[in-house]
Amino acid sequence: MALGSFGMAQSVKGTRDLLGNEMKWFQRIEDTARRIFHRHGYEEIRTPILEEIDVFKRSVGESSDIVNKEMYDFVDKGGRHVVMRPENTAGVVRAMIQHKLLATSDPRLLYYIGPQFRYERMQAGRYRQFWQIGAESFGVATPESEAESLVMLFDFLNELGLKHLKLSINSVGTPESRPAFQAAFRAFFEARQEAFCGDCHRRIAQNPLRVLDCKVPGCQTALEGHPRITDHLDEASRAHHARLKVLLEALGVPYEENPRLVRGLDYYTRTAFEVLSADLGAQSALLGGGRYDGLVSHLDGPPTPAFGWAIGLDRLASLMQQLHGDAPAPRPALLIPLGEAAALEAMALARKWWAEGCAVQVDTRGQGLKKALQTANRLGFARALILGDGEREQGVVAVKDLAAGTQETWPLDQVAQRLSTV
Ligand code: HAM
C-alpha cells in the first residue's frame with residue numbers, strides 16, 4: 001500500500017531524529033567523553049540492543065518501574081522473549097561474564113555510548129529512545145575506586161563547561177544490613193499508613209526502599225522524620241560511606257547527602273548517587289549510578305565488586321545548547337572550479353589536500369561563480385577557493401574570506417598548510 005494514502009510517515013512517538021545542531025552537540029560530547037575516559041584507562045564496549053528478558057528481570061529488578069511497566073519486550077520469530085535494553089549496565093555485566101573477563105580479580109574499566117529504550121510517559125526531556133554515556137568499573141570494592149570514577153565524571157562535566165550541578169549521595173547498605181532498616185521503616189510507615197498512596201502500600205510489601213523515592217507530594221510530606229538507611233548500616237558500610245565523603249572533600253568534589261536517594265534500579269549496594277541540574281527543569285536528573293557488588297554473582301558470574309554511572313546524553317546535549325548556544329561547527333572551505341577542465345583538476349587537488357588532513361568541500365554543481373559563492377555564503381563556509389583558467393595557468397587559487405569579503409591569492413603548493421589552520 002502506498003505510504004501516501006496515510007499521509008507523510010512520522011518517527012515513532014517518543015523517538016526522534018538526531019540532526020543539525022543537536023547532532024553536533026552529541027558529537028562534541030561523545031568526542032570529549034572518549035578523550036577523557038581513555039586518559040583514565042577506560043575501554044569502550046558495545047553490547048547488543050537486544051538482550052534476553054531475564055538479564056533485566058534479574059538485575060534491574062521485577063519490582064522496578066523499568067521492568068514492570070517500561071520494557072520494550074517481545075517474542076521474536078524464534079520464540080525467544082527479548083527486550084530492547086532499557087539500560088546498559090546489565091548487558092555489560094552479561095558480556096563480562098559470557099566472555100570470562102572477570103575470571104581474574106584484576107580491575108576492568110569500561111565505558112559505553114548508545115541508545116536505550118523505555119516505554120515511559122512522554123514529557124520534556126524524557127524519550128522512549130534515549131542515549132546514555134556510561135562508565136563501569138569492575139573488580140575494586142574500595143571507596144577510592146568510586147572517588148576515581150567520580151573525579152573522571154566531574155572532569156568530563158567541567159570540560160563541557162557545565163555549571164549549577166548538584167551531586168547527591170546516599171548509602172543504600174547491603175542486602176545483609178537492609179533488614180534492620182526495613183524493620184524500622186515499616187514501623188514508621190504503619191504508624192502513618194493512611195497518608196501514603198496506593199503504590200507505596202504495594203512498595204512497602206515488595207521493596208520498602210522505593211517508598212522513599214515516591215514522587216507523590218503527600219508521600220514526600222508523610223516521610224518527614226523517616227528513619228535513615230545511613231543510621232542502620234553495618235560497620236563496614238558505615239566506614240565505606242565515611243571514607244568516600246572524606247575523599248570527595250579532599251578532591252574538591254562538592255556533594256550533599258540525600259537520605260531519600262534510593263535509585264529506581266534494584267542492583268545497588270552501599271553508594272548510590274545522582275547528579276541533578278538546576279537548568280534541566282522537571283526532568284532534572286542528568287545522571288545516576290552507584291555500587292553494585294552483588295550483580296555479577298547474581299547473574300551467575302564470579303563474585304566481583306563494581307561501580308558505575310550513566311549520563312542521559314539527550315539531557316546533556318540540551319544543557320549544552322542552553323548554556324553555550326549552537327555547537328561550534330567546523331566550516332571547511334568550498335573549492336569552486338570554473339569550467340570542466342578546472343573541475344577535474346579541483347577533484348585531484350582536493351584529494352591531495354584531504355590526504356594531508358585538510359577540511360575542504362568541492363562544489364560539483366558546475367553552476368558558475370556567482371551562484372557558487374551564494375551557496376557558500378548560505379551554508380556558512382569560512383572561505384571560497386576559486387579555481388578558474390587564470391588561476392590554473394599561474395598555479396594558484398583565489399581565496400575569498402566570506403565573512404570579511406576580502407580576497408587573496410595562494411600558491412597551490414601552500415594551500416594544504418594554510419587550510420589546516422582553519
Ligand atoms: P538511570 O538513572 O535509570 O540509571 O539512567 C541514567 C540517566 O539516563 C538518567 O539520569 C537520565 O539522564 C537518563 N534517562 C533515563 N531515562 C530517560 C528517558 N526516558 N529519556 C531521557 N533520558 C533518560 C541507569 O540506567 C543505570 N544503568 C546507571 C548505572 C550505571 N548504574 C551503575 N552503572
Side-chain angles (χ1 to χ4, degrees), residues 13-16 18 22 26 29 37 42 45 47 51 55-56 59-61 64-72 83-94 96 108-138 145-146 149-150 152-153 157 162 165-170 172 210 213 261-277 279-296 304-320:
K13 184 170 177 189
T15 73
R16 70 201 198 290
L18 293 172
E22 189 177 27
F26 266 62
I29 292 166
F37 298 176
Y42 280 70
I45 180 168
T47 63
E51 294 279 356
V55 170
F56 300 106
S59 58
V60 174
S64 68
D65 279 356
I66 297 177
V67 166
N68 244 333
K69 306 184 193 157
E70 297 169 0
M71 287 207 294
Y72 271 94
V83 180
M84 290 169 73
R85 63 184 185 201
E87 60 100 60
N88 220 153
T89 307
V92 169
V93 170
R94 194 265 315 132
M96 300 296 282
R108 291 265 176 186
L109 303 172
L110 295 165
Y111 75 90
Y112 50 82
I113 301 178
Q116 320 294 332
F117 302 82
R118 295 183 193 174
Y119 196 85
E120 296 210 61
R121 241 175 357 100
M122 296 301 305
Q123 281 181 28
R126 201 195 263 174
Y127 304 98
R128 290 181 177 165
Q129 174 173 341
F130 61 98
W131 291 69
Q132 284 185 344
I133 298 182
E136 315 286 357
S137 139
F138 292 95
S145 72
E146 300 173 11
S149 170
L150 288 167
M152 178 173 84
L153 168 64
L157 298 173
L162 291 180
L165 299 179
K166 193 169 82 180
L167 169 63
S168 293
I169 64 169
N170 195 16
V172 294
R210 282 277 146 67
D213 202 24
L261 192 154
V262 291
R263 310 268 305 122
L265 305 91
D266 279 356
Y267 48 60
Y268 294 109
T269 52
R270 294 189 172 159
T271 308
F273 71 96
E274 281 179 353
V275 174
L276 309 182
S277 163
D279 300 320
L280 270 176
Q283 300 301 313
S284 63
L286 178 62
L287 65 98
R291 177 162 287 289
Y292 49 98
D293 288 346
L295 183 55
V296 178
T304 307
F307 178 85
W309 41 262
I311 306 178
L313 182 46
D314 311 73
R315 293 180 191 177
L316 185 51
S318 121
L319 267 186
M320 296 301 282

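All residue numbers in this chain count up from 1 along the given sequence. Remember, it's 1-based here, ligands and their atoms both numbered in the order they're listed.
Under the 4.5 Å side-chain criterion, counting only non-hydrogen atoms from C-beta, T304 is not in contact with V93. Two residues are said to be in side-chain contact when any heavy atoms from C-beta on lie closer than 4.5 Å; L265 and Y292 fail this criterion. Contact check for W131 versus L18: side-chain heavy atoms found under the 4.5 Å cut-off. Considering only heavy atoms from C-beta on, F138 comes within 4.5 Å of L110 through its side chain.
Ionic pairing of R16 and E22 is present here: one or more N-O contacts between side-chain nitrogen and carboxylate oxygen are shorter than 4.0 angstrom. Between D279 and R315, none of the side-chain N atoms (NZ, or NE/NH1/NH2) sits under 4.0 Å from a carboxylate O, so this pair counts as no salt bridge.
Considering backbone and side-chain N/O of Y268, one or more are found under 3.5 Å from N/O of ligand 1. The shortest N or O to N or O distance between N88 and ligand 1 is not below 3.5 Å. Ligand 1 has no N or O atom lying under 3.5 Å from any N or O atom of Y292, backbone or side chain. At least one N or O atom of E136 sits closer than 3.5 Å to an N or O atom of ligand 1. Checking only distances, L286 does come within under 3.5 Å of ligand 1, N or O to N or O. Residue D314 has no N or O atom closer than 3.5 Å to an N or O atom of ligand 1. Any N or O atom pair closer than 3.5 Å counts here, and A285 shares at least one such pair with ligand 1.
No donor-acceptor pair closer than 3.5 Å links the side chain of D314 to the backbone N or O of F130. Listed for the T269 side chain is a donor-acceptor partner under 3.5 Å among the backbone atoms of D293. Checked by atom type and distance alone, the side chain of Q129 never pairs as donor or acceptor with a backbone atom of Y127 at under 3.5 Å.
Across R85, E274, R118, E70, heavy-atom proximity to atom 3 (O) of ligand 1 is greatest for R118.
Closest to atom 8 (O) of ligand 1, if we only count protein heavy atoms, is Q132 NE2, 3.2 Å. Among all protein heavy atoms, the one lying closest to atom 27 (N) of ligand 1 is E87 OE1, 2.6 Å. Atom 19 (N) of ligand 1 has its closest protein heavy atom at E120 OE2, 2.6 Å. Among protein heavy atoms, atom 26 (C) of ligand 1 sits closest to Y267 OH, 3.3 Å. Nearest protein heavy-atom contact of atom 7 (C) of ligand 1 is A310 O, 3.6 Å. Nearest protein neighbour of atom 13 (C) of ligand 1, counting heavy atoms only, is G312 CA, 3.6 Å. Counting only heavy atoms of the protein, atom 32 (C) of ligand 1 lies nearest to G308 O, 3.2 Å. Looking only at protein heavy atoms, the nearest one to atom 14 (N) of ligand 1 is F130 CE1, 3.5 Å.
Rounded to the nearest 0.5 Å, atoms CD1 (I169) and CD (E274) are 12.5 Å apart.
Near G289, meaning under 4.0 Å from one of its heavy atoms, ligand 1 places the atoms 31 (N). Taking every non-hydrogen atom of G288 and a distance limit under 4.0 Å, the qualifying atoms of ligand 1 come out as 10 (O), 28 (C), 29 (C). Per-residue contacts place W309 under 4.0 angstrom from the following atoms of ligand 1 (heavy atoms of the residue considered): 29 (C), 30 (C), 32 (C), 33 (N). Numbered from 1 in the order shown, with element, the atoms of ligand 1 that lie under 4.0 Å from a heavy atom of L265 read 3 (O), 4 (O).
F307 does not carry R291 over the face of its six-membered ring by the limits of under 6.0 Å from the centre and within 45° of the normal.
Neither the backbone nor the side chain of R128 comes within 4.0 Å of ligand 1, counting heavy atoms alone. Residue F273 does not touch ligand 1, judged by heavy-atom distances below 4.0 Å.
When all heavy atoms of S59 and D266 are compared, the pair lying nearest together is O-CB, 3.9 Å. Annotation for Y42 and S149: closest pair OH-CB, 3.9 Å, computed over non-hydrogen atoms.
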Show, in sequence, the C-alpha distance, side-chain angles and deciding distance for T47 and Y112, and conclude whether the side-chain contact (heavy atoms from CB on, under 4.5 Å) test is met.
CA-CA 8 Å; T47 63; Y112 50 82; over 6 Å; no
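Ligand 1 does not have F307 within reach: every non-hydrogen atom of the residue lies 4.0 Å or more from it. Look at R263 and you'll find a heavy atom under 4.0 Å from some atom of ligand 1. Distances shorter than 4.0 angstrom occur between a heavy atom of G125 and an atom of ligand 1.
Put simply, the residue from L313, L165, L157, L167 that forms a side chain to side chain contact (heavy atoms under 4.5 Å, CB included) with L287 is L157.
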